[in-house]
Amino acid sequence: MSPLSGDEVGMDTALDEVERIIAAASDAARRLAETTPTERAQWLTHIADALDAAADELVPLAAAETHLPETPRLRGELTRTTFQLRLFAEVLADGEFLAATVDHADPSWPMGPRPDIRRSLVPIGPTLVFAASNFPFAFSVAGGDTASALAAGCPVVLKAHPGHPRLSERTGAIVRAALTAAGAPAGTFAVIHGVDVGITALRHPDIAAASFTGSLAGGRALFDIASSRPRPIPFYGELGSVNPVVVFPGAIRARGQRIVEGFVGSFTLGAGQFCTKPGVLLLPSGHGLTDALTAAVAAVPQQPLLNEHIGNGFRSRVTTLRENSTVTALSAPSLDAPVLAPTLLSVRATDFLSAGAALQAECFGPAALVVEYANPVELAQVLHQLEPGLTATIVAEHSEIDDVRPLLPALTALAGRLLWNDWPTGVTVSWAQQHGGPYPATTAPTTTSVGTAAITRFLRPIAWQGFPDELLPPALREANPWRLPRRVDGKRD
């Protein structure tokens with residue numbers, strides 16, 4: 001049990017309690033490694049059912065702590081959270097995630113006689129998950145990192161975000177109760193609180209991996225700790241992204257007003273507090289959309305930010321942007337108001353390139369920067385100079401495909417998800433989803449934190465060479481008792 005209750009929620013977890021929690025997770029890891037995918041699928045389904053049943057309690061609690069609206073935002077986010085738990089149950093039932101591979105002994109193998117060797121993935125071990133502030137359900141206590149780590153067979157120690165401590169504690173209690181009812185070992189899941197407590201846990205030798213969603217500064221500091229431990233561990237951090245949108249002239253002529261409405265709706269969604277918020281809009285010079293953009297931004301209702309810390313960070317970053325002499329304010333309301341209205345600024349591509357990081361860094365909150373490019377050369381220069389991120393969007397007509405094609409190498413180097421005539425703030429949870437990208441978007445660009453492939457972060461490969469069948473894990477035994485999809489002697493089984 002967590003030591004936090006009532007007025008004590010939000011206080012740091014005692015260090016001796018953290019030690020006990022991690023010891024219990026370490027003990028549970030050995031037992032979880034022996035559970036079947038079917039058992040773990042049942043755990044995830046139990047959690048999802050329990051969270052759905054508690055929606056009328058959890059959603060108002062989330063709204064009170066985060067200022068996010070109950071409907072449709074928080075109820076929709078809770079639905080997303082339970083959906084992804086059930087989707088990982090499907091991943092477990094499918095079995096392909098284990099990547100089971102069997103190479104029988106072959107005396108005539110061209111490289112010389114080949115021994116019997118079999119490879120599959122196993123749980124990496126106790127995992128520390130740092131919850132995010134901006135998604136109190138989907139990227140928090142029972143969010144995608146927790147779901148994918150549990151699906152992989154890893155115990156989870158969840159470091160709650162201080163922005164919603166009561167929600168975190170209550171959600172954690174529901175998750176623990178559901179796991180216990182479903183037969184999961186004690187120590188499979190626990191919640192801890194406190195910034196220094198999270199760092200202490202990250203340094204603990206029994207923690208085998210960690211994940212994080214949050215700021216570049218915070219994530220990089222944690223990544224450095226994870227990397228500098230006596231025994232470094234994988235750290236899967238999602239840090240920051242400006243998510244550029246490139247608009248071509250033909251699209252403006254065909255549907256300029258719809259582009260304006262789509263962009264403004266996307267960058268102000270959730271008060272601009274999405275990691276996929278499109279923060280840079282690249283428009284051709286003479287685009288003629290300034291008045292429409294200004295009017296659309298002015299029509300967006302004011303929304304409170306998640307907390308005072310995020311509000312102060314937003315004010316500081318917007319002030320820096322507005323103080324640059326090359327930047328023009330298209331819509332720049334007062335930053336002194338308690339509830340902040342959206343900000344839209346504009347700059348020429350040449351000045352944007354000259355300013356470097358001063359203009360290119362992410363602004364978390366309802367602000368965006370229009371960058372006007374004079375020609376394709378300037379556009380390509382901007383794309384080559386932008387920091388990599390999670391997404392990059394192309395808005396163009398089909399007739400402009402030949403103009404877009406030369407930019408594809410730069411775009412693929414820039415982001416983990418490319419969009420054609422769509423907006424990046426819709427991140428569905430699916431088998432093909434990719435939510436990651438080159439640093440600083442993530443610390444591990446070969447992985448994703450959304451979608452079924454997220455499970456691979458918490459698995460590691462092992463090969464068994466020449467082992468008796470009785471000692472092999474079920475996934476690799478000759479009879480294939482779990483009926484998994486496998487590759488046997490190079491061919492799909």
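Only heavy atoms go into these numbers, but all of them, side chains included; no hydrogens, no water, no symmetry mates. Keep in mind it's a predicted model, so treat the numbers as computed, not measured. By convention here, the first residue in the shown sequence is residue 1.
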Pairs flagged by side-chain hydrogen bond (donor to acceptor under 3.5 Å, both in side chains) wherever residues 232-242 is involved - sequence neighbours left out
E238-H435, E238-S449, S241-N243

Full working for salt bridge (charged side-chain N to carboxylate O under 4.0 Å, His left out) between R220 and D224:
CA-CA 6 Å; R220 180 54 194 255; D224 289 345; 2.8 Å; yes

Under the ring-ring contact (aromatic ring centres under 6.0 Å, His included) rule, what do F274 and F267 come out as? Steps first, then yes or no, please.
CA-CA 8 Å; F274 284 21; F267 98 77; over 10 Å; no

Taking it one step at a time, do F137 and T66 satisfy side chain to side chain contact (heavy atoms under 4.5 Å, CB included)?
CA-CA 11 Å; F137 291 121; T66 66; over 6 Å; no

F130 and L128: CA distance, side-chain angles, deciding distance, side chain to side chain contact (heavy atoms under 4.5 Å, CB included) verdict:
CA-CA 7 Å; F130 289 84; L128 177 64; 3.4 Å; yes

Tell me if the CH2 atom of W431 is crowded by more than 12 foreign heavy atoms within 6.0 Å.
yes

Flag, side chain of R229 to backbone of H204, donor-acceptor distance under 3.5 Å:
yes

Would you mind reporting whether V280 and E362 have side-chain heavy atoms less than 4.5 Å apart?
no

Would you check if W43 and L150 make a side-chain contact, meaning some heavy-atom pair closer than 4.5 Å?
no

Considering non-hydrogen atoms only, spot the tightest contact between A152 and P123 and give its length.
O-CG, 3.1 Å

Test item: K277 side-chain N/O and G365 main-chain N/O as donor-acceptor pair under 3.5 Å:
yes

Can you list the residues that meet the side-chain hydrogen bond (donor to acceptor under 3.5 Å, both in side chains) rule with R73, with sequence neighbours excluded?
E77

Contact summary for C154 and T127, nearest pair of heavy atoms:
CB-OG1, 3.6 Å

R86 side, atom CZ; L44 side, atom CG - distance, nearest 0.5 Å
10.5 Å

Can you tell me how far apart CG (N134) and CZ (F139) are? Round to the nearest 0.5 Å.
8.0 Å

Does T276 use its side chain to pair, donor to acceptor, with the backbone of P424 at less than 3.5 Å?
yes

Stepwise side chain to side chain contact (heavy atoms under 4.5 Å, CB included) test for F88 and V429
CA-CA 10 Å; F88 277 109; V429 181; 5.8 Å; no

Quick one: list whatever passes side-chain hydrogen bond (donor to acceptor under 3.5 Å, both in side chains) with D489, sequence neighbours left out.
H104, R114

Judged by atom type as modelled, is there a donor-acceptor pair below 3.5 Å linking the side chain of Q385 to the main-chain atoms of L353?
yes

Output every pair passing ring-ring contact (aromatic ring centres under 6.0 Å, His included) with a member in residues 206-226, not counting sequence neighbours, ordered by first then second residue.
none

Mind checking whether V371 and Y373 have side chains closer than 4.5 Å, heavy atoms only?
no

Does the side chain of R460 come within less than 4.5 Å of V122's, by heavy atoms?
yes

When you measure from the side chain of R118 to the backbone N and O of V102, does any donor-acceptor pair fall under 3.5 Å?
no

Would you confirm whether D116, through its side chain, and F467, through its main-chain N or O, come within 3.5 Å as a donor-acceptor pair?
no

Check whether any side-chain heavy atom of D12 sits under 4.5 Å from a side-chain heavy atom of I192, and report yes or no.
no

Can you check whether E65 reaches P165 side chain to side chain, under 4.5 Å on heavy atoms?
yes

What pair of heavy atoms forms the shortest contact from H193 to S168, and how long is it?
CE1-CB, 4.5 Å

Listed by chain and number, what are the side-chain hydrogen bond (donor to acceptor under 3.5 Å, both in side chains) partners of S211, not counting sequence neighbours?
D145

Checking the side chain of E400 only, and the main-chain atoms of E397 only, is there a donor and an acceptor separated by less than 3.5 Å?
yes

Could you list all the salt bridge (charged side-chain N to carboxylate O under 4.0 Å, His left out) pairs where at least one residue sits in residues 184-201, not counting sequence neighbours?
none

Any donor-acceptor N/O pair, R317 side chain to A361 backbone, under 3.5 Å
yes

Hey, are D206 and R231 close enough for a salt bridge, meaning a charged N less than 4.0 Å from a carboxylate O?
no

Which heavy-atom pair separates A28 from T188 by the least distance, and what is that distance?
CB-N, 4.0 Å

Spell out, as yes or no, whether a donor-acceptor pair under 3.5 Å connects the side chain of R487 to the backbone of G490.
yes

Smallest separation among heavy atoms of S148 and F458, with atom names:
OG-CE1, 3.4 Å

Stepwise, does the side chain to side chain contact (heavy atoms under 4.5 Å, CB included) test hold for V175 with V156?
CA-CA 11 Å; V175 171; V156 170; over 6 Å; no

Report yes or no: does T442 contribute a side-chain atom to a donor-acceptor pair with the main-chain N or O of Y439 at less than 3.5 Å?
no

Taking atom CZ of R176 and atom CD1 of I47, what is their separation to the nearest 0.5 Å?
11.5 Å

Taken to the nearest 0.5 Å, the spacing of L202 CG from I207 CD1 works out to 8.5 Å

Should F97 and L121 count as side-chain neighbours, where that means a heavy-atom distance under 4.5 Å?
no

